[in-house]
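In what follows, a structure is listed as C-alpha cells, so that the remarks can point back to it.
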Amino acid sequence: MKETPLSTCEKNFIIQAIKQNQRLDGRKNDEFRNIKINYGAEWGSVLVALGETKVLAQVSSELGEPKATRPNEGIFHINVELGPMAAPHFEAGRNCELTVQLNRTLERTFKDSKCLDLESLCITAEERVWILRVDLNVLNHEGNLIDCCSIATLCALMHFRRPEVSIVEDDVIIHTAAEKEPQPMVMHHYPVCVSYCTFDDGSIAVADPTVMEERTSESQMIFGINSFRELCCLNLGGSSLTSSALLLQCSKRAAKHAKYVVELVKKTLENDLSAREDRSNVGFTECLKQNSITSLAEDRLVLKLRHFTFEDGDKKSMIEEEKFNEKDIENEEKEVATNIDPKNDLQTTTTDKWSVEEQDDSNMESEEVESSQEDCTKNNKGVRPKKDQRGNLKSQSDSEEDEKITI
C-alpha cells in the first residue's frame, strides 16, 4: 500500500502556519512534545511515547564468540522494525529507506560514540563474550521516529541487567536472578537524538516535527548529543542549504533538550527501581491498570483561523468573510427583536409558534367546533363575511373550520 500524498492546499496551509509560529497541534516552532516512559516487568523492556509516536524496545543477551579484530570486546546490535502497525504503507519484513536511515543513525549515535563499555561484556578473551541486541518495534508513527527510538534505546540499555556468570574448569555457568543479582550495563555517557526540520529556504527551523511537517519540510537536521553537550552524530539531509547561524542555534537548543531528556530518564529509572525494591507491582499490566498507557492520549488543538492570516492575495477575501459574518449576526438579532411579544415580554420565533400550536392541537379541537357552530348561526342571520388584508372576501367554504365540519 502506497502512502497517501499530501495535497497542495495542505502543504501551503502548513507552511503559512509555520511562518506565523503556529502549528497544527498548538505548539510553537521551538516546542517539543511530551515524553512518557513506562517500563515492563522484565529487565530491558520499555515503552516510550513521544506525543502520539510510540516505540517498544527490548534488550536481549546471549553468549557468543568475539570478533577477530576485537577479541576482548562484546558485540552490540540495534535493529528497528517498521510494520503495518506503525503506518498502513509499511510492509512487514521489508526494509525501506526510513528503516535503513534509522538503523544507521542509531548505530552512529550509540555504537560509534562508544557510550556502552563493550569490554565489560567480555567473559573470556577470544572465547566468550556477551552479545547484546536492542529490538525496536514502532507501534505508531506520528513523526520524529529517530528521537523516539533514541530515547527508547537509551532507556532500555540503562534498565537492562545481564545475568551474572562464573567460570568453573573452562565452563561458563550462567546464574539465575535467584542465585546471583544481575549486573547493570556500564555506560560512559548518555546520547540522545534531537531532530529539526527547516522551512522557507532554510530560514525557519521546527523542533520535533510531525508526519505532515516532515513531508512538507525542505531539509532535516538530526543532532546526536549527550548530557555533557558533546556532539556524537550529525545528519543533514534535504534539498535546501541551512545557514551556519541557524545550525549553531539549533545545536544549542538540542543540547539543552538532550540534558532534560537524560534527567527525565534517570528519574523514571529511580522510580522503577524503588518500586521493585518495595516489591510492588511493576510492568505494562500495572501501567494499564493505572491508566498511564493510553491510545492517542495527546489532544489535538485546533488552530483559531481568526488569528490566522494568509498571503496578500487572500487577505481581502478573509476580511470580506468576516464582514459578511458580522452582517448575518446583526440581521439575526433584528429578526429576533421583531418576534418579541409585547404582552408577555417573551421572545418567540415562528418555529416556536408552530411547536406551541402542535402541542395544543388536542385542546383546540373542541374550541374550533364551537366557533364553527357560532359562525354558521351568524351567517344564517345575514352577517356579512369578513375581508382579509388585501380586501378579498373570505368565503365560508374556504375556511379550515368548515372543512373539518363536513368531514
Side-chain angles (χ1 to χ4, degrees), residues 3-36 48-55 86-87 98 138-151 192-223 225 235-240 242-243 245-258 260-261 264 294-315 318:
E3 188 176 6
T4 305
L6 290 178
S7 63
T8 306
C9 296
E10 291 175 334
K11 292 181 180 179
N12 293 335
F13 181 81
I14 293 172
I15 293 172
Q16 291 298 325
I18 288 174
K19 287 181 179 179
Q20 300 177 22
N21 200 13
Q22 294 180 352
R23 301 170 73 175
L24 295 180
D25 52 2
R27 293 180 292 156
K28 301 297 182 182
N29 290 343
D30 57 347
E31 290 184 6
F32 295 86
R33 289 176 288 183
N34 296 328
I35 302 172
K36 294 183 179 180
V48 178
L50 181 61
E52 294 180 2
T53 302
K54 298 183 179 182
V55 176
L98 182 58
V138 181
L139 303 181
N140 188 33
H141 177 30
E142 193 59 30
N144 201 6
L145 277 178
I146 184 61
D147 287 19
C148 192
C149 290
S150 66
I151 297 172
V192 172
C193 291
V194 182
S195 61
Y196 287 85
C197 283
T198 60
F199 294 86
D200 195 13
D201 296 332
S203 61
I204 300 175
V206 175
D208 191 8
T210 59
V211 177
M212 298 182 68
E213 291 171 352
E214 286 180 350
R215 298 173 62 183
T216 313
S217 64
E218 300 169 354
S219 62
Q220 188 177 13
M221 298 182 291
I222 300 175
F223 299 92
I225 303 178
N235 187 8
L236 301 177
S239 58
S240 64
T242 306
S243 62
L246 182 63
L247 187 64
L248 292 174
Q249 184 180 5
C250 293
S251 63
K252 292 180 181 179
R253 294 178 181 176
K256 184 178 180 180
H257 180 69
Y260 163 75
V261 172
L264 178 63
T294 55
S295 176
L296 302 180
E298 292 292 326
D299 297 331
R300 291 178 176 270
L301 301 178
V302 181
L303 283 175
K304 296 181 180 180
L305 297 180
R306 292 180 180 179
H307 303 287
F308 183 82
T309 57
F310 295 90
E311 293 181 352
D312 296 336
D314 297 333
K315 284 184 179 179
M318 194 69 181

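Numbering starts at 1 and runs along the sequence shown. What you are looking at is a predicted structure, and each value in this text was computed from that prediction instead of being measured.
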Open item on the list: Just verifying a value: how many Å separate Cys9 SG and Ile14 CD1, rounded to the nearest 0.5 Å?
Closed with: 11.5 Å
TODO: List the steps, then state whether side chain to side chain contact (heavy atoms under 4.5 Å, CB included) holds for Val261 with Ile151.
DONE: CA-CA 8 Å; Val261 172; Ile151 297 172; 3.9 Å; yes
Open item on the list: Main chain of Glu52, side chain of Asn140: is a donor-acceptor contact present, judged purely on distance under 3.5 Å?
Closed with: yes
Task: Sidechain-backbone polar pair: Gln16 side chain, Phe13 backbone, donor-acceptor under 3.5 Å - done: no
TODO: Please report the shortest heavy-atom distance between Asn29 and Asn21, naming the atom on each side.
DONE: N-OD1, 3.0 Å
- [ ] Start with the C-alpha gap between Arg33 and Thr210, add the side-chain angles, then the distance that decides, and say whether side chain to side chain contact (heavy atoms under 4.5 Å, CB included) holds.
- [x] CA-CA 10 Å; Arg33 289 176 288 183; Thr210 59; 4.3 Å; yes
TODO: Flag the pair Arg215 and Glu3 as a salt bridge only when some basic side-chain nitrogen lies within less than 4.0 angstrom of an acidic carboxylate oxygen.
DONE: yes
TODO: Might you work through the side chain to side chain contact (heavy atoms under 4.5 Å, CB included) test for Thr198 and Ile204, ending with a clear yes or no?
DONE: CA-CA 5 Å; Thr198 60; Ile204 300 175; over 6 Å; no
Task: Separation of Asp147 CG from Ile35 CD1 (nearest 0.5 Å) - done: 8.5 Å
Task: Atom pair OG (Ser243) and CD (Gln249), whose distance is rounded to the nearest 0.5 Å - done: 8.5 Å
Open item on the list: Let me confirm one number: the NZ-CG distance from Lys36 to Asn34, rounded to the nearest 0.5 Å.
Closed with: 7.5 Å
- [ ] Please examine the side chains of Cys250 and Leu246, heavy atoms only from C-beta on, and report whether any two atoms are closer than 4.5 Å.
- [x] yes
- [ ] Compare every heavy atom of Thr53 with every heavy atom of Asn144, then report the nearest pair and how far apart it is.
- [x] O-CG2, 4.5 Å
Task: Full working for salt bridge (charged side-chain N to carboxylate O under 4.0 Å, His left out) between Arg27 and Asp25 - done: CA-CA 6 Å; Arg27 293 180 292 156; Asp25 52 2; 2.7 Å; yes
Open item on the list: Quick one, Gln220 and Ser195 - any side-chain contact, counting heavy atoms below 4.5 Å?
Closed with: yes
Open item on the list: Tell me whether the rings of Phe223 and Tyr196 are parallel (<30°), tilted (30 to 60°) or perpendicular (>60°).
Closed with: perpendicular
- [ ] Give the minimum heavy-atom separation between Lys19 and Asp200, together with the two atoms involved.
- [x] CE-CG, 4.0 Å
Task: Evaluation steps, side chain to side chain contact (heavy atoms under 4.5 Å, CB included), between Val206 and Arg23 - done: CA-CA 10 Å; Val206 175; Arg23 301 170 73 175; 3.2 Å; yes
- [ ] Could you tell me whether the side chain of Lys54 reaches within less than 4.5 Å of the side chain of Cys148, counting heavy atoms only?
- [x] no
Task: Leu50 side chain near Phe32 side chain, heavy-atom distance below 4.5 Å - done: no
Task: Nearest non-hydrogen partners of Asp208 and Glu213, listed with the distance - done: O-OE1, 4.4 Å
Open item on the list: Can you tell me how far apart CG (Leu236) and CG (Leu247) are? Round to the nearest 0.5 Å.
Closed with: 6.0 Å
Task: Student check: side-chain heavy atoms of Val55 and Leu139 closer than 4.5 Å - done: no
Open item on the list: Using 0.5 Å steps for rounding, measure from the SG atom of Cys193 to the CG atom of Leu145.
Closed with: 12.0 Å
Open item on the list: If I compare all heavy atoms of Val211 with all of His141, which pair ends up nearest, and what's the gap?
Closed with: CG2-O, 3.8 Å
Task: Any residue meeting side-chain hydrogen bond (donor to acceptor under 3.5 Å, both in side chains) with Arg253, in chain and number order, not counting sequence neighbours - done: none
TODO: Mind listing the closest non-hydrogen atom pair of Ile225 and Ala255 along with its distance?
DONE: CD1-N, 3.7 Å
